[in-house]
Each structure stands twice: as C-alpha cells, then as structure tokens.
Enquirer: 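Take this structure, written in structure tokens, and hold onto it; I'll ask about it next.
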Amino acid sequence: MEKGFRTIRKWKTNDIHIRDPFVFPYAKEGRYYLFGTTFADGCGDQDPIFEVYASDNLDDWEGPYIAFRPPKGFWGVRQYWAPEVFEIDGRFYMFATFKGGIGEHRGTAILVSDHPAGPYQPHSEGPVTPRDWECLDGTFYEDRHGQRWLVFCHEWTQEYDGKIKAIRLTKDLKRSYGEVIDILHASSMKWIRLFGDPRIEKEGFLTDAPFMYQAKNGELIMLWSSYSKPSYGGDGGYVVAVARSKSGDIAGPWVHDEPLLLDRNAGHASLFRDFQGRLYMSVHYPDTPHGSERPLFIEMAETKNGLTVAEGACSF
C-alpha cells in the first residue's frame, strides 16, 4: 500500500474521522479495507486523494494509505466523495464522485486496481453519469441477467427535487449507454424535509447514497439517505430509507417503506458481510456537527420482508 502525506498509525474505529464509510472484506487476505470521504478538496499544497485503512477485526485499523492519487491532467479536481469498491472479473473497481473543472459538472467515474487497497488508476472514459447533469454517489449493481448498472443521484442543486436514477454500463465498465431509468423523486416521500445550503443560497429535496441489495425473498432493495422532518417520529436528521422493487428488477415498480430504517443522525449506508457471514450496515455517525463523523457498523438481520437492524445492535 502506498504511503501518503499523513502519518501511518494505529486507530480504533471510533477515532477515524471519515464520511461515507465503505468496507470491502477481502477474504483472500482475511482483511477489511475501509474507504470514505476524507481529503475531498485537498489539504494545503496537497491535491485531493482517496485514502484506505486496513483491519483484521473491524475495530483496530492501520492507515491511512493512498488508494487513489490523481494523475496529472485527471478531469476530477475536487469533491472526491464516497468511494465504493467492487470485485468484478478478477479486478477491483472503485466507483467514486468527482467534480470537474470550470464549466464541468460533478459525476461518478470508475477507477481500477489489481488489489482492493489500490493504487487505483482511471478506467472509465471520464464520468459515466450524464455529462450535462450534476450527479453524485454512483454505485454498482449487476442484475440477474448479467446487465451492469450504475445507480446514482441527480443532484438537488441542479434539479431542486433530487432524484435517484439508473443507467446501463458497458461490460468493460468504460462508459454508460441507453435510457436512464427513474427510481425515485425525493419530494414524493412523506417523511422528507427541504435541505438548505446557505453557501449557495439554495434549498431542495436531497438524495444521497443509493446502495443495492438482492434480498432472499427476490426483492431488489435500495438503501438511500436524506433528511427527515422532526415530526415524523425520529430525530429529524440524516436518515437511511428503504425502497424496494418487488419484481427484483431495476425497472421496478419501486415502492417505498414508510418507516425509516435508521433515523439517528446517521446515514450514507452500504452493506457488507464479515468473515463469519454476519451482515453489517456501514454508516457515518453523527452526520452533524461536521468534523465529528466516525464510521459505525450496525449488525443487520434479513427477514421475510427485507432488512432490519438486528436486535440490540442500535445502541448508539
């Protein structure tokens, strides 16, 4: 693993400051690799990077190492957000958000490496989200027919009503193609509240962090995050919601669970299994105040109706 400008040292999980944590379990080594949003816009004279931590037990970590250092001329210049890693055809692909230069939109691009920890190199032909859309948080999904998909957010900053959509990927993961499929419009959710960013003097209905899970009951489940109304029954902060395709296909029809999966000022969820086969949801907690975010791994249980937090697992 490649050393960066930060000191490599030992960490406990709740000491690591990170947003959008994503865990890749690598059975070949018996190690877990933790990715997320850290130096998204660089630091001082350092360019933005993606970092990685390594662990044998999900509690004791070593790092941070460099997972991706952009090569000279790389199109993404800032907002290095939400990396996710998938093993596909014997190699390791990172799906991550980048913001282009002046006049270019934010989008998801695909990187590749021969090891899950990197170093990663550019793979896709620029962003695989539509070039004239402001997008983020692209995730990978391969359906039961072998079609590869990118599921992503069309940003509220451009749309006001944030959306989650899907587009086909070529087999080689170099580009996207075909019709864009709508999965959800944020404003149609009963629990959602307007999100405001005073820096850009805008409000809108935010969508974050789609993540796909094929349930044992045949449904395709999607986790995603936004902000809830305080009157809905929870904390009124950052949440994890559930959408499900009863057909098991990405085209739906999609229905939306009224109860939120998690309403505890925590979110940007992904799922992974430990080496004993237990299913975990990875989120950052708390979401606010900024600077206090830490990775949190919550054990999950799969029921005949989908996913639920395992009994006794949500004690934070």
Enquirer: Are F205 and Y160, when compared by the centres of their aromatic rings, separated by less than 6.0 Å?
Expert: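 They qualify: ring centres under 6.0 Å apart.
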Enquirer: Please say yes or no: joined through hydrophobic side-chain contacts below 4.5 Å, possibly via intermediate residues, are I183 and L260 part of one cluster?
Expert: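 The answer is yes; both residues are in one hydrophobic cluster.
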Enquirer: Atom CG in L136, atom OG1 in T97: separation rounded to 0.5 Å?
Expert: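 If I round to the nearest 0.5 Å, the distance is 5.0 Å.
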Enquirer: Output yes when R19 and E293 qualify as a salt bridge under the 4.0 Å nitrogen-oxygen rule, no when they do not.
Expert: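 Between E293 and R19 there is a salt bridge, with a charged N closer than 4.0 Å to a carboxylate O.
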Enquirer: Judged by modelled atom types alone, do D143 and W149 share a side-chain donor-acceptor pair under 3.5 Å?
Expert: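 The answer is yes; a qualifying pair exists.
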Enquirer: Does the side chain of L262 reach to within under 4.5 Å of the side chain of Y285, using non-hydrogen atoms?
Expert: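 L262 vs Y285: side chains apart.
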Enquirer: Quick check: do F195 and S226 have side-chain heavy atoms less than 4.5 Å from each other?
Expert: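 Not in contact.
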Enquirer: State which residue, out of F95, F272, Y93, fulfils the ring pair (Phe, Tyr, Trp, His ring centres under 6.0 Å) condition with F86.
Expert: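 In the set F95, F272, Y93, the residue that makes a ring pair (Phe, Tyr, Trp, His ring centres under 6.0 Å) with F86 is F95.
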Enquirer: Judged by atom type as modelled, is there a donor-acceptor pair below 3.5 Å linking the side chain of N217 to the main-chain atoms of E219?
Expert: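 Judged by distance alone, yes, a pair lies under 3.5 Å.
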Enquirer: Return the CG to CE distance between L307 and M300, rounded to the nearest 0.5 Å.
Expert: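 Rounded to the nearest 0.5 Å, the CG-CE separation comes out at 5.0 Å.
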Enquirer: Determine the minimum heavy-atom distance between P21 and V283, stating which atoms define it.
Expert: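 P21 and V283 have their closest heavy atoms at CG-O, 3.2 Å.
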Enquirer: So I49 and F5, side chain to side chain contact (heavy atoms under 4.5 Å, CB included) or not? Walk me through it.
Expert: CA-CA 10 Å; I49 53 174; F5 64 91; 3.9 Å; yes
Enquirer: Check whether H185 reaches the backbone of K163 with its side chain - one donor and one acceptor, N or O, closer than 3.5 Å.
Expert: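 Between the backbone of K163 and the side chain of H185 there is no qualifying donor-acceptor contact (under 3.5 Å).
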Enquirer: Is there side-chain contact between I66 and P119, with heavy atoms separated by less than 4.5 Å?
Expert: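 When only atoms from C-beta onward are counted, P119 and I66 do not touch, as no gap falls below 4.5 Å.
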Enquirer: Which atom pair, heavy atoms only, marks the closest approach of A251 to I181?
Expert: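 Heavy atoms of A251 and I181 come nearest at CA-CG2, 4.3 Å.
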Enquirer: Output yes when a side-chain donor or acceptor of S225 lies under 3.5 Å from a complementary backbone atom of V239, and no otherwise.
Expert: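 Pair found, side chain donor or acceptor close to backbone of V239.
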Enquirer: For the side chain of S124 and the backbone of G126, is there at least one donor-acceptor N/O pair under 3.5 Å apart?
Expert: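 Yes.
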Enquirer: Restricting to non-hydrogen atoms, name the atom on G107 and the atom on T129 that form the minimum distance, rounded to 0.1 Å.
Expert: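 Looking at all heavy atoms of both residues, the closest pair is CA-OG1, 3.2 Å.
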Enquirer: Hey, are the side chains of W11 and P64 touching, using non-hydrogen atoms and a 4.5 Å cut-off?
Expert: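 The answer is yes, as the side chains (C-beta and beyond) meet within the 4.5 Å cut-off.
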Enquirer: Does W81 belong to the same Ile/Leu/Val/Met/Phe/Trp/Tyr cluster as V23, with side-chain heavy atoms less than 4.5 Å apart forming each link?
Expert: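 Hydrophobic grouping puts W81 apart from V23.
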Enquirer: Search all heavy atoms of E2 against all heavy atoms of R69 and return the closest pair with its distance.
Expert: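 Smallest interatomic distance, heavy atoms only, reads OE2-NH2, 2.8 Å.
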Enquirer: Any chance you could lay out the side chain to side chain contact (heavy atoms under 4.5 Å, CB included) test for H17 and R294, step after step, and finish with the verdict?
Expert: CA-CA 5 Å; H17 174 222; R294 300 293 186 268; 3.4 Å; yes
Enquirer: Counting distance only, does the side-chain N/O of T38 pair as donor-acceptor with the main-chain N or O of I18 below 3.5 Å?
Expert: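 No, T38 side chain to I18 backbone: no donor-acceptor pair under 3.5 Å.
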Enquirer: Can you tell me if S55 uses its side chain to pair, donor with acceptor, with the backbone of Y32 under 3.5 Å?
Expert: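 Side chain of S55 to backbone of Y32, a donor-acceptor pair under 3.5 Å: no, none is there.
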Enquirer: If you take the centroid of each ring, where Trp contributes its six-membered ring, are F24 and F35 closer together than 6.0 Å?
Expert: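 They do not qualify: ring centres at least 6.0 Å apart.
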Enquirer: For the NZ atom of K190 and the NZ atom of K229, what is their distance to the nearest 0.5 Å?
Expert: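 Separation between the atoms: 10.0 Å.
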Enquirer: Show your working on side chain to side chain donor-acceptor pair (under 3.5 Å) between H268 and D208 and close with a plain yes or no.
Expert: CA-CA 7 Å; H268 200 109; D208 269 355; 5.0 Å; no
Enquirer: Applying side chain to side chain contact (heavy atoms under 4.5 Å, CB included), run through L223 and Y213 and close with a yes or a no.
Expert: CA-CA 8 Å; L223 308 182; Y213 180 78; over 6 Å; no
Enquirer: Return the minimal non-hydrogen interatomic distance between Y120 and H115, and the atom names on each side.
Expert: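 Between these two residues, the closest heavy atoms are OH-O, 3.8 Å.
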Enquirer: Please check this pair: side chain of E51 against backbone of F68, looking for a donor-acceptor N/O pair closer than 3.5 Å.
Expert: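 No: the side chain of E51 does not pair with the backbone of F68.
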Enquirer: Any chance the side chains of T170 and D172 put a donor and an acceptor closer than 3.5 Å?
Expert: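 Note: T170 and D172 side chains meet the donor-acceptor criterion.
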Enquirer: Keeping R244 on the side-chain end and I221 on the backbone end, is there a donor-acceptor pair under 3.5 Å?
Expert: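 Flag not set: sc R244 to bb I221 has no pair under 3.5 Å.
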Enquirer: Please identify which of these residues, H154, Q158, H105, meets the side-chain hydrogen bond (donor to acceptor under 3.5 Å, both in side chains) condition with E134.
Expert: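 Per the side-chain hydrogen bond (donor to acceptor under 3.5 Å, both in side chains) rule, the option paired with E134 is H105, out of H154, Q158, H105.
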Enquirer: Answer yes or no: is there a side-chain heavy-atom contact under 4.5 Å between I8 and E62?
Expert: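 Yes, their side chains come closer than 4.5 Å.
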Enquirer: To the nearest 0.5 Å, how far apart are CG in L111 and NE2 in H123?
Expert: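 Spacing of CG (L111) from NE2 (H123) equals 9.5 Å.
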Enquirer: Hey, quick one: are Y65 and F39 part of the same hydrophobic cluster, counting side-chain heavy atoms closer than 4.5 Å, chains of contacts allowed?
Expert: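 No: no chain of side-chain contacts under 4.5 Å links Y65 to F39.
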Enquirer: Can you name the nearest heavy-atom pair linking F211 to L271, along with the distance?
Expert: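 Here F211 and L271 meet closest at CE2-N, 3.4 Å.
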Enquirer: Show the numbers, then the answer: is there a side chain to side chain contact (heavy atoms under 4.5 Å, CB included) between I164 and W254?
Expert: CA-CA 12 Å; I164 296 181; W254 288 90; over 6 Å; no
Enquirer: Kindly indicate whether the side chain of Y238, heavy atoms from C-beta on, has any atom under 4.5 Å from the side chain of T288.
Expert: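 Sidechains of T288 and Y238: no contact.
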Enquirer: Should L34 and L58 be counted in the same cluster of Ile, Leu, Val, Met, Phe, Trp and Tyr side chains packed under 4.5 Å apart?
Expert: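 Yes, same cluster.
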Enquirer: Could you state the interatomic distance from CG (D257) to CE (M189), rounded to the nearest 0.5 Å?
Expert: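 Rounded to the nearest 0.5 Å, the CG-CE separation comes out at 10.5 Å.
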Enquirer: Before we go on, tell me: are the rings of Y80 and F50 under 6.0 Å apart, centre to centre?
Expert: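 Ring centroids of Y80 and F50 are less than 6.0 Å from each other.
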Enquirer: When you measure from the side chain of W191 to the backbone of E258, do you find a donor-acceptor pair of N or O atoms at a distance under 3.5 Å?
Expert: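 The answer is no, because no donor-acceptor pair under 3.5 Å joins these two groups.
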Enquirer: Mind checking whether S176 and L150 have side chains closer than 4.5 Å, heavy atoms only?
Expert: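 Result no, sub-4.5 Å side-chain heavy-atom pair not found.
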Enquirer: Do other residues, nucleotides or ligands put more than 12 heavy atoms under 6.0 Å from the CZ atom of R193?
Expert: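 Above 12, so yes.
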Enquirer: What distance separates D114 CG from R91 CZ, expressed to the nearest 0.5 Å?
Expert: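 So the gap between those two atoms works out to 4.5 Å.
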Enquirer: Would you find a donor on one side and an acceptor on the other, under 3.5 Å apart, between the side chain of D60 and the backbone of K12?
Expert: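 Answer holds: no.
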Enquirer: W224 and V255: same hydrophobic cluster, using ILVMFWY side-chain contacts below 4.5 Å?
Expert: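 No, it is not one cluster - the side chains of W224 and V255 are not joined through contacts under 4.5 Å.
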Enquirer: Is there a side-chain contact between F74 and D47 in this structure, where contact means two heavy atoms from C-beta onward sitting under 4.5 Å apart?
Expert: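 No, their side chains stay 4.5 Å or more apart.
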